[in-house]
Amino acid sequence: MAFENFVVVVEERIALVTINRPQALNALSRAVLEELDEALDQIESSSGVDAVILTGEGKAFVAGADIAEMRGMSAEEGRAFGVLGSRVFRRIERFRIPVIAAVNGFALGGGCELAMACDIRIASDKAKFGQPEVGLGIIPGFSGTQRLPRIVGASKAKELIFTGDMIKADEALAIGLVSKVVPPEELLPACRALAAKIGKNASGAVAYAKAAVNRGLETDIETGMELEQNLFGLCFASADQKEGMGAFIEKRPASFVGK
Ligand code: CAA
């Protein structure tokens with residue numbers, strides 16, 4: 001399927017999803033969010049993808065929700081827009097396949113929120129992060145008030161959200177907002193190498209691990225441990241557990257089938 005605001009290329013079992021609206025610094029309009037949802041449908045229905053890399057065309061990853069579109073919104077429309085963005089980002093967070101954000105440039109407002117919904121964030125040293133919404137008379141609306149404190153802690157999250165300050169990639173690394181910073185030309189190769197490394201493992205086990213970490217962060221530790229134990233048990237019903245352990249004992253590389 002062809003998209004107006006996205007380019008989706010699947011190569012070597014990795015889906016590279018590029019947000020392609022550089023004239024507006026990849027700002028998230030309703031149409032862009034709806035297309036992102038459709039791109040996820042397309043990837044989900046294909047069995048040949050182990051990981052997704054999400055990046056932006058041009059000098060921005062995403063410079064936020066579309067301010068021109070939001071300008072005239074009523075309270076009801078604003079709420080509905082927040083629900084739409086949060087729903088699509090939640091889908092990324094719960095996507096069975098790992099999603100890596102390749103943050104190539106500005107990741108502001110909804111752009112920082114989009115990166116935070118991804119499993120792992122790698123940034124170019126040109127990237128800048130921030131939640132500048134209060135300077136526009138609004139608050140983060142695609143779950144930034146919820147994810148940022150969970151990732152960097154309440155004090156730093158409040159500082160960033162209350163001031164609207166932009167931070168560079170090295171500070172984002174220091175506060176744990178990204179896991180690695182690389183020169184721009186190394187960004188996609190680094191993300192591809194990471195995706196390929198993940199793709200060599202048992203995909204069902206990776207999916208269970210993602211669910212256990214994410215859901216565990218949203219609940220008390222006892223419930224999280226119970227979930228982990230259940231998913232751990234389910235692994236033993238898979239062909240890949242037999243293969244992974246058999247390969248270890250037989251001293252040969254594992255050949256996983258994804259079941
Ligand atoms: N929405 C709509 N258009 C945007 C945009 C946005 N978030 N960000 C940039 N653009 C547009 C600009 O209006 C400009 O369009 P024109 O050429 O038609 O004038 C074009 O993209 C290029 O932008 P600039 O000329 O501003 O580029 P710059 O390099 O001088 O500045 C920038 C870059 C600092 C990122 C600046 O564009 C900027 O501050 N953008 C807005 C950032 C922002 O406030 N984001 C938060 C939005 S609110 C939000 O996201 C709510 C939420 O949580 C859901």
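Just so it is clear, the structure is predicted and the values come from calculations on it, not from any experiment. We count ligands from 1, going down the list as the structure has it; atoms in each ligand are counted the same way. Values below: every heavy atom of this structure, side chains too, minus hydrogens, waters and symmetry copies.
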**Message:** So for ligand 1, is A63 a polar contact partner (N or O within less than 3.5 Å, distance only)?
**Reply:** yes
**Asked** Should you measure from each heavy atom of Q23, which atoms of ligand 1 turn up under 4.0 Å away?
**Response** 20 (C), 21 (O)
**Prompt:** Which heavy atom of the protein is the closest neighbour of atom 35 (C) of ligand 1, given with residue, atom name and distance?
**Reply:** L108 CD1, 3.6 Å
**Asked** Which atoms form the tightest heavy-atom contact between N104 and A60, and what is the distance?
**Response** ND2-O, 3.0 Å
**Request:** Number the atoms of ligand 1 from 1 as they appear, then name those within less than 4.0 Å of a heavy atom of K59, with their elements.
**Result:** 27 (O), 28 (P), 29 (O)
**Message:** Under 3.5 Å between any N/O of A65 and any N/O of ligand 1: does that happen in this structure?
**Reply:** yes
**Item:** For ligand 1, the portion of L28 having any non-hydrogen atom under 4.0 Å away
**Value:** neither
**Asked** What do you reckon, does G141 have a nitrogen or oxygen under 3.5 Å from a nitrogen or oxygen of ligand 1?
**Response** yes
**Asked** Considering only heavy atoms from C-beta outward, does the side chain of L33 approach that of F81 to under 4.5 Å?
**Response** yes
**Prompt:** atom 46 (C) of ligand 1: which of G144, P132, A107, P140 has the nearest heavy atom?
**Reply:** P132
**Item:** Any N or O of I67 closer than 3.5 Å to N or O of ligand 1
**Value:** yes
**Message:** Checking contacts now, so for atom 23 (O) of ligand 1, which I'm interested in, is there any protein heavy atom under 4.0 Å?
**Reply:** yes
**Asked** Is there a donor-acceptor pair under 3.5 Å between the side chain of N26 and the backbone N or O of E57?
**Response** yes
**Message:** Would a single hydrophobic cluster contain both L25 and I67, if residues Ile, Leu, Val, Met, Phe, Trp and Tyr are joined by side-chain heavy-atom contacts under 4.5 Å?
**Reply:** no
**Message:** Does this structure show an ion pair linking K156 with E159, if we count only N-O contacts that are shorter than 4.0 Å?
**Reply:** yes
**Message:** Taking 4.0 angstrom as the limit and counting only heavy atoms of I138, give me the atoms of ligand 1 inside it, by number and element.
**Reply:** 48 (S), 51 (C)
**Prompt:** Under a 4.5 Å cut-off applied to non-hydrogen side-chain atoms, are L36 and L28 in contact?
**Reply:** no
**Message:** Below 4.0 Å from ligand 1: does a non-hydrogen atom of E69 turn up there or not?
**Reply:** no
**Prompt:** Out of curiosity, does V49 fall in the hydrophobic cluster containing V8 (side-chain heavy atoms, cut-off under 4.5 Å, transitive links)?
**Reply:** yes
**Fill in**
Among non-hydrogen protein atoms, atom 36 (C) of ligand 1 lies closest to L25 CD1, 4.5 Å
**Request:** Would you sort out whether N214 and R94 count as a side chain to side chain contact (heavy atoms under 4.5 Å, CB included), showing the intermediate values?
**Result:** CA-CA 8 Å; N214 282 353; R94 294 206 156 176; 5.8 Å; no
**Asked** Does E35 come within less than 4.0 Å of R21, counting only side-chain N to carboxylate O?
**Response** no
**Prompt:** Could a heavy atom of K128 be found less than 4.0 Å from some atom of ligand 1?
**Reply:** no
**Residues R147 and E93 bridged, charged N to O under 4.0 Å** = yes
**Request:** Go through ligand 1 atom by atom and flag the ones less than 4.0 Å from a non-hydrogen atom of E133.
**Result:** 48 (S), 49 (C), 50 (O), 51 (C), 52 (C), 53 (O)
**Message:** For atom 18 (O) of ligand 1, is there a protein heavy atom at a distance under 4.0 Å?
**Reply:** no
**Prompt:** Does ligand 1 have an atom under 4.0 Å from some heavy atom of Q131?
**Reply:** no
**Item:** M70 vs I138, side chain to side chain contact (heavy atoms under 4.5 Å, CB included): CA-CA, chis, key distance, verdict
**Value:** CA-CA 10 Å; M70 284 186 293; I138 58 171; 4.2 Å; yes
